[in-house]
Amino acid sequence: ENLPDSGENAFLTALQRRFRYAVVDEFQDTDPVQWEIFRKIFLSSGGGRIALVGDPKQAIYGFRGADLETYFRSKDQIIAAGGAAYRLGVNYRSAPAILRALNPVFAAPQWFGGGPGAMAYTDVEACPPEERKFSAAADASGRAALTICASDVPRASEAKRAFYQFIASEIKRL
């Protein structure tokens, strides 16, 4: 915001004139530097509009600097600037059986850290049958929609090998 009257300020002004709207998908994987760029272009002038689409439960890029604090801080900054947060409670991509199986797993308090400041989980519903754009092949396996495997193998490399063997035997069995 408080840039000196320089080429940097002129560049920012040019960006704000040219790009008035932005949609940033997979925002949960944004790092603090990326957010600061978006914030300066779209929030600092008050004239831009930005929509952030993301699910903090899917954050996977911590190894390259993405962090959930940036996600939550940016959400707060957008709300403070007059924006709003929306939760999508209907999943159009997953079968109802898998959602019914996953909801109680993710709702367990320890799943996302538990305790104060932990992410809350709210059940996700499947879309109504008449709105489904996909159909799954009939499953004749007799298995539940979700199989949770536990391993008491202490070394990660051995656990990984045991897991791969389990998957191979399940593929063969099915």
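What you see below is based on every heavy atom in this structure, not just the backbone, and it leaves out hydrogens, waters and symmetry mates.
A 6.0 Å sphere centred on CZ of R173 holds more than 12 heavy atoms belonging to other residues, nucleotides or ligands. Within 6.0 Å of atom CZ in R73, more than 12 heavy atoms from other residues, nucleotides or ligands are found, so the atom counts as buried in its surroundings. In the displayed structure, R87 atom CZ is contacted under 6.0 Å by more than 12 heavy atoms of other residues, nucleotides or ligands. Other residues, nucleotides and ligands contribute at most 12 non-hydrogen atoms within 6.0 Å of the CG atom of L88. In R64, the CZ atom is crowded: over 12 heavy atoms of neighbouring residues, nucleotides or ligands sit closer than 6.0 Å.
Salt bridge status for R161 with E158: absent, with no side-chain N to carboxylate O gap under 4.0 Å.
Between W35 and Y71, the distance from one ring center to the other does not fall under 6.0 angstrom.
Contact record, D31 with G65: CB-O, 3.3 Å, taken as the closest heavy-atom pair. Residues A101 and P104 come closest through the heavy atom pair O-CD, 3.5 Å. Summarising the geometry of D29 relative to A66, their closest heavy-atom pair is O-CB, 3.3 Å, with the distance given to 0.1 Å. Here the shortest heavy-atom pairing between A126 and V90 reads C-CG1, 4.1 Å.
Side-chain heavy atoms closer than 4.5 Å link hydrophobic residues (I, L, V, M, F, W, Y) into clusters, and following such links, even through other members, never connects L146 to F163. No chain of hydrophobic side-chain contacts below 4.5 Å, direct or via other Ile, Leu, Val, Met, Phe, Trp or Tyr residues, connects F166 to V153. Under the 4.5 Å side-chain contact rule for hydrophobic residues, Y164 and I171 share a cluster. One hydrophobic cluster, built from ILVMFWY side chains closer than 4.5 Å, cannot hold both Y92 and Y86; they sit in different ones. A continuous path of Ile, Leu, Val, Met, Phe, Trp and Tyr side chains, each step under 4.5 Å between heavy atoms, connects F72 with L43, placing both in one hydrophobic cluster.
Although no hydrogens or angles enter the test, the distance criterion places no donor-acceptor pair under 3.5 Å between the side chain of R49 and the main chain of F42. Side-chain atoms of S94 do not come within 3.5 Å of backbone N or O of N91 as any donor-acceptor pair. Not a single donor-acceptor pair under 3.5 Å links the side chain of E131 to the backbone N or O of P128. A donor-acceptor pair under 3.5 Å links the side-chain atoms of N103 to the main chain of V124, judged by distance alone.
Side-chain atoms of E26 and Q28 form a donor-acceptor pair, as typed in the model, at a separation below 3.5 Å.
Here the side chains of L99 and E125 are not in contact, with every heavy-atom distance at 4.5 Å or above. Side-chain contact between I41 and L12: present, with at least one pair of heavy atoms (C-beta onward) separated by less than 4.5 Å. Using a 4.5 Å heavy-atom cutoff, the side chains of I50 and F38 are in contact.
A distance of 7.5 Å separates OG1 in T30 from CG in L52, rounded to the nearest 0.5 Å. Atoms NZ and CG, from K75 and L68 in turn, are 11.5 Å apart once rounded to the nearest 0.5 Å. Put simply, OG on S45 and CZ on R39 are 10.5 Å apart, with the number rounded to the nearest 0.5 Å. We find the NZ-CZ distance between K40 and F11 to be 11.5 Å, quoted to the nearest 0.5 Å.
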side-chain contact (heavy atoms from CB on, under 4.5 Å) for K57 and Y121? Distances and angles first, verdict last. CA-CA 9 Å; K57 297 180 300 306; Y121 179 80; 3.6 Å; yes
Could you walk me through whether S44 and Q16 satisfy the side-chain contact (heavy atoms from CB on, under 4.5 Å) test, starting with their C-alpha distance in whole Å, then the side-chain angles of each, then the deciding distance to 0.1 Å, before giving a yes or no? CA-CA 10 Å; S44 68; Q16 289 171 333; 3.3 Å; yes
Derivation of the side-chain contact (heavy atoms from CB on, under 4.5 Å) call for I148 and V105: CA-CA 10 Å; I148 297 176; V105 172; 4.1 Å; yes
